[in-house]
Amino acid sequence: MSLRIYNTMSRAKEEFIPLHPPKARLYCCGPTVYNYAHIGNLRTYIFEDILRRTLRFNGFEVEHVMNVTDVGHMTTDADEGDDKMQVAAQREGKSPWDIARFYEEAFFSDTARLNIERPEVTPRATEHIGEMIEMIKRLEENGYTYNTSEATYFDTSKYATYGKLARLNLNEQRQGARAEVVMDETKRNPSDFVLWFTNKPTHIMKWESPWGVGYPGWHIECSAMSMKYLGETFDIHCGGVDHVPVHHTNEIAQSECSTGHPFVKYWMHGEFLLTNNAKISKSTGGSINRLQSLIDAGYDPLAYRYLCLQAHYRSELNFSLEALDAATAGLRKVYSTRPENDPFAQNEAGYPEARQRVFDALNDDLGTPQAVGLLHAYGSYRLWIEFDAILGLDIAKRSQPTEEALPAEVLALIEQRNAARTSKNWADSDALRNQLIALGYEVGDSSQGTTVKRKAL
RNA sequence: GGAGCCGUACCCAAGUGGCUAAGGGAGCGGUCUGCAAAACCGCGAUCCACCAGUUCGAUUCUGGUCGGCUCCUCCA
């Protein structure tokens, strides 16, 4: 079965046929680096990582671009310039640029620990202001913009298919459905959005433009940067589901109106991670749900990755420590699969079919839960290893108890314990075993003797 | 108010118009062990929120009810 993916635009699974085979070009909305990413954010990047690995497994050459949003674009209070990046800068006594670099590094450190491959290109918004201005100029030439005392806007009434992706019924949308939303009276239509802010004197990050000194609107960076690196029309655009009604809807409008061409062929969206049946919000203390806090609590980052693989990317996933514990134990089972017990060692003929079933599961809109279930059912080391190219769980490395030399301290403890055991001094033996466990080793006694090895998880 | 999603065992979570409703974890029983841990073997939903309807047959399709979630210019 060839790769099929769910396209939000058609609300159906479609066969993936790239525009320029064997290239597969995808753009993913990246982090806004004013704070630490939380595990909910990270779930989406895991999904995108699975996508790029699956594309590659299918033989495509992946060109993956992910932006780094290092300019604050949101304003909740026009007079104060209450911008996420700026608030963070003031809070921490640093410049917005320092803040952005700091959290960008933290982000890539987290993704690396989750075995999320780094996209081929990770452009920063602040380094593409020129491209954004050029794009707004084109929109202006094409007659899709208007200027007010506050900003340059995109006029959504000029774009007939506005809202197609989200199937918005503009007449039924309620402007400012949430109380916190500041409404701009200078807009012509509720759905119009800012291309370039001009009336924000207290904003620290600002640039010259044909419309005045200011900074870009929220959506323009993704359009400008994706087109720069992937062309005016490319294959796949990903992001979180929350981006469907606004961000991606606006990206489509401004992109297609500036070029006159279709923007993206397939739209894919990852569902939210929930905690206590509610989403984690970055702006309301979401940073306590950092990957680092899980690591500090003794969890392995890959256990979190494994947990995410057990749920489909288009389903909400209820996160809890209990679920993470279960994932940790499940991963341990994966790592304990031994090549010498491989069921296909005696039955070579069964391998291709098994391999195909797992592959088909993955190719059916990234069915990682089915794939993992099948892999467990087969219990084949060889199969796990082959598909770890997609799963990214470091199985080869973690499952082989490396014959690393044990530290002298550990060897001494083992020797003492062996002595205690031969003299049947069980109290000392158990105490010594506890010491070894505390040092991160697994101790096992069997009729063949005692084995001590570093814990894989 | 509008749009969309979801409700499967103790937990996480697949799935299908009709063979025994995946898989993992926990739990229980067993093998192994001085005892453990790990590993391995076995057990585990007569049932898929509830109520109608369509159908020879629905957990799977339709309608409604209840409950939960997300979005409607912070968000992955």
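Lettering of chains follows the sequences in order, A, B, ..., and the numbering in each one begins at 1. FYI, side chains are in, hydrogens and waters are out, and symmetry mates aren't considered; it's all heavy atoms of this structure.
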Which nucleotide, if any, forms a Watson-Crick or G-U wobble pair with [N], using both distances under 3.5 Å?
{"N": "B/C61", "answer": "B/G53"}
{"N": "B/A21", "answer": "none"}
{"N": "B/A3", "answer": "B/U70"}
{"N": "B/C48", "answer": "none"}
{"N": "B/C28", "answer": "B/G42"}

Taking [atom1] from [X] and [atom2] from [N], how many angstroms apart are they, rounded to a whole number?
{"X": "A/Leu362", "N": "B/A14", "atom1": "CG", "atom2": "P", "value": "15 Å"}
{"X": "A/Gln370", "N": "B/G24", "atom1": "CD", "atom2": "P", "value": "15 Å"}
{"X": "A/Leu321", "N": "B/C12", "atom1": "CG", "atom2": "C1'", "value": "13 Å"}
{"X": "A/Trp384", "N": "B/G23", "atom1": "CH2", "atom2": "P", "value": "13 Å"}
{"X": "A/Asp428", "N": "B/G34", "atom1": "CG", "atom2": "C1'", "value": "14 Å"}
{"X": "A/Lys453", "N": "B/A38", "atom1": "NZ", "atom2": "P", "value": "12 Å"}

Would you measure the distance from the [atom1] atom in [N] across to the matching atom in [M] and give it in whole Å?
{"N": "B/U59", "M": "B/A52", "atom1": "P", "answer": "12 Å"}
{"N": "B/C12", "M": "B/C19", "atom1": "P", "answer": "27 Å"}
{"N": "B/A26", "M": "B/C11", "atom1": "P", "answer": "15 Å"}
{"N": "B/G25", "M": "B/A14", "atom1": "C1'", "answer": "15 Å"}
{"N": "B/G34", "M": "B/U20", "atom1": "C1'", "answer": "42 Å"}
{"N": "B/U60", "M": "B/U16", "atom1": "P", "answer": "13 Å"}
{"N": "B/G64", "M": "B/C6", "atom1": "P", "answer": "16 Å"}
{"N": "B/U54", "M": "B/C61", "atom1": "C1'", "answer": "8 Å"}

Could you check whether [X] gets within reach of a base, just the sugar-phosphate, or nothing at all, counting any heavy atom under 4.0 Å?
{"X": "A/Gly239", "answer": "sugar-phosphate"}
{"X": "A/Leu317", "answer": "sugar-phosphate"}
{"X": "A/His312", "answer": "sugar-phosphate"}
{"X": "A/Asp192", "answer": "base"}
{"X": "A/Ser429", "answer": "base"}
{"X": "A/His243", "answer": "sugar-phosphate"}
{"X": "A/Phe47", "answer": "nothing"}
{"X": "A/Phe272", "answer": "base"}
{"X": "A/Gln310", "answer": "base"}
{"X": "A/Val246", "answer": "sugar-phosphate"}

Does [X] contact [N] through a side-chain donor or acceptor facing the base, at a distance under 3.5 Å?
{"X": "A/Asp430", "N": "B/G34", "result": "yes"}
{"X": "A/Asp445", "N": "B/C32", "result": "no"}
{"X": "A/Arg421", "N": "B/G34", "result": "yes"}
{"X": "A/Arg332", "N": "B/A38", "result": "no"}

Q. Hey, what's the ring geometry for A/Phe263 with A/Trp267, parallel, tilted or perpendicular (30° and 60° as the breaks)?
A. tilted
Q: May I ask you to decide if the ring planes of A/Tyr304 and A/Phe319 are parallel, tilted or perpendicular, using 30° and 60° as cut-offs?
A: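 Ring orientation of A/Tyr304 relative to A/Phe319: perpendicular.
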Q. Are A/Phe193 and A/His219 close enough that their ring centres sit under 6.0 Å apart?
A. yes
Return the nearest nucleotide to the side chain of [X]; candidates are [options].
{"X": "A/Thr32", "options": "B/A76, B/C69, B/G23", "value": "B/A76"}
{"X": "A/Pro245", "options": "B/G25, B/A76, B/C71", "value": "B/C71"}
{"X": "A/Ser336", "options": "B/A76, B/G34, B/A39", "value": "B/A39"}
{"X": "A/Lys333", "options": "B/A14, B/C72, B/C40", "value": "B/C40"}

**Q.** Min side-chain heavy-atom separation A/Trp97-A/Asp70 under 4.5 Å
**A.** no
Q: Dump the intermediate steps for ring pair (Phe, Tyr, Trp, His ring centres under 6.0 Å) on A/Tyr103 and A/Tyr36, then the final yes or no.
A: CA-CA 6 Å; A/Tyr103 289 112; A/Tyr36 292 107; 5.0 Å; yes
Q: Would you check if the side chain of A/Asp49 reaches a backbone N or O of A/Glu117 as a donor-acceptor pair within less than 3.5 Å?
A: yes
(Q) Whether the side chain of A/Thr450 engages the backbone of A/Ser446 through a donor-acceptor N/O pair (distance < 3.5 Å, no angle test) should be reported. (A)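 Not a single qualifying donor-acceptor pair exists.
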Q.
Minimum heavy-atom separation for A/Arg52 and A/Pro119, please, with both atom names.
A. NH2-CA, 3.8 Å
